[in-house]
Amino acid sequence: MPELPEVETIRRGLGRLLPGKKVLSAECLDSPRSFPNSSSEVDNFLHGASVTTIRRRAKVLLIDFDSNYTLVIHLKMTGQLVFVATDPVYTSASEIQSEASHEASIATSSTDKLAPRFGGGHPTDSLISKLPDRSTRVIIKFTDGSILYFNDQRKFGWMRLMPTISVPEIDFMKRVGPEPLEDSFGAKDFIERIKRRKGTTIKAAILDQTVLAGVGNIYADESLWAAQIHPATHVSDITDKQLSQLLVEIKKVMNLSIAKGGSTDRNYVDAEGKKGSYLQFANVFRREGQPCPRCGATIEKIRVAGRGTHVCPVCQMIQ
DNA sequence: CACTTGACCTGTCCGC
DNA sequence: TGCGGACAGGTCAAGT
């Protein structure tokens with residue numbers, strides 16, 4: 001769930017909302033799991049610090065403070081970061097809620113199967129007014145009365161406060177591959193990296209974060225469909241030309257998703273509590289039993305690389 | 001060493 | 001209607 005396009009959407013939202021805000025307090029409701037820093041670290045480097053910039057690397061969000069500390073956040077599958085402007089600008093929160101409601105009604109009108117839902121089925125507009133809820137893990141309050149909620153149903157997500165200068169030293173940061181949307185990342189580099197995983201399937205290879213950053217299950221299935229490559233194809237059986245096309249499709253699919261505010265499958269929302277609409281444009285993901293938009297064959301759901309995998313059995317032929 | 005599987009969690013959905 | 005169990009997937013640790 002949050003994959004690169006979702007995390008990027010959140011980054012852009014928080015980038016509009018947070019810079020300049022000064023932290024009043026930070027509270028972890030399931031301490032220390034979701035936010036294991038010591039209270040002295042939080043007191044010394046978060047309380048009273050102001051947000052400078054919001055960055056993203058792979059699926060990791062980075063909130064920098066003028067204390068030269070950074071909140072490193074991984075949302076894993078069900079994590080949310082939702083910003084709520086309470087008093088003194090209560091009206092702006094209301095505007096956000098009505099926008100979210102509008103978008104949710106559009107999304108719901110597409111197909112029942114894809115109608116995004118939230119927890120127990122609450123519409124998005126009720127989310128903000130009901131926070132905190134039982135999925136809330138961390139509450140960060142700012143001096144102007146606004147609040148940032150870190151929610152995570154499944155408790156896989158986490159945040160850590162650490163010196164900004166130490167962020168690149170995190171194991172994950174050292175190992176993670178290049179950003180697929182960087183212009184400087186091209187076919188040659190992609191092909192070479194994929195071929196390091198020649199003993200496995202192409203889906204496992206593009207899901208490997210050390211090969212390429214940010215691809216998760218949704219965009220793996222969608223880009224492989226677009227490139228007409230069966231997800232279970234062994235890397236050694238794919239031509240350079242096909243890999244080159246696959247990179248084109250990965251970039252296309254991710255850019256489209258960012259433009260649509262990401263994918264809301266079950267509970268992803270952006271920084272303002274809004275759902276993403278990309279799944280309305282998905283060709284295979286969660287569309288098993290429906291006709292392939294390209295050839296009309298019935299889309300199947302199979303298991304590849306330990307994941308539920310959506311594939312057209314006709315036009316994504318194993319080579 | 002390369003690769004695969006299981007664990008971490010909780011809410012939802014399906015079948016009995 | 002209630003309940004058990006399968007399933008969802010990002011990442012790391014453990015197993016093959």
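- Of the candidate nucleotides dG11(B), dG9(C), dT11(C), dG11(B) has the atom nearest to the side chain of Q153(A).
- Rounded to whole Å, the separation between the P atoms of dT11(C) and dC1(B) comes to 24 Å.
- Checking the phosphate oxygens (OP1, OP2) of dT11(C), no side-chain nitrogen or oxygen of K76(A) falls inside 4.0 Å.
- One N or O donor and one acceptor, one from the side chain of R307(A) and one from the base of dG10(C), sit under 3.5 Å apart.
- R160(A) has its CZ atom 14 Å from the P atom of dT11(C), to the nearest Å.
- I63(A) and W158(A) are members of different hydrophobic clusters when ILVMFWY side chains are connected at heavy-atom separations under 4.5 Å.
- With distances taken from any side-chain atom of R134(A) to the nucleotides dG11(B), dT4(B), dG10(C), the minimum falls on dG11(B).
- Distance alone, capped at 3.5 Å, places no donor-acceptor pair between the E6(A) side chain and the Y268(A) backbone.
- In this structure, CE of M77(A) is placed 13 Å from P of dC8(B), rounded to the nearest angstrom.
- You'll find that the side chain of K301(A) is closest to dA8(C), out of dT11(C), dA8(C), dC3(B).
- Contact annotation for G199(A): backbone-only contact, meaning every heavy-atom pair under 4.0 Å involves sugar-phosphate atoms and none involves a base.
- Judged by distance alone, the side chain of Q209(A) and the main-chain N or O of G214(A) form a donor-acceptor pair under 3.5 Å.
- Between N267(A) atom CG and dC7(C) atom C1' there is a gap of 15 Å when expressed in whole angstrom units.
- Nucleotide dT11(C) holds its P atom 10 Å from the CH2 atom of W158(A), rounded to whole Å.
- Side chain of R33(A), nearest nucleotide from dG9(C), dC8(B), dA8(C): dC8(B).
- Taking the centre and axis of the six-membered ring of W225(A), the NZ or CZ atom of R294(A) falls inside the cone set by 45° and 6.0 Å.
- Between the side chain of R154(A) and the base of dA8(C), at least one donor-acceptor pair of N or O atoms lies under 3.5 Å.
- Closest approach to the H74(A) side chain among dG9(C), dA8(C), dT11(C) is made by dT11(C) (side chain taken as heavy atoms from C-beta onward).
- Of the P atoms belonging to dC9(B) and dA14(C), the separation is 15 Å, rounded to the nearest Å.
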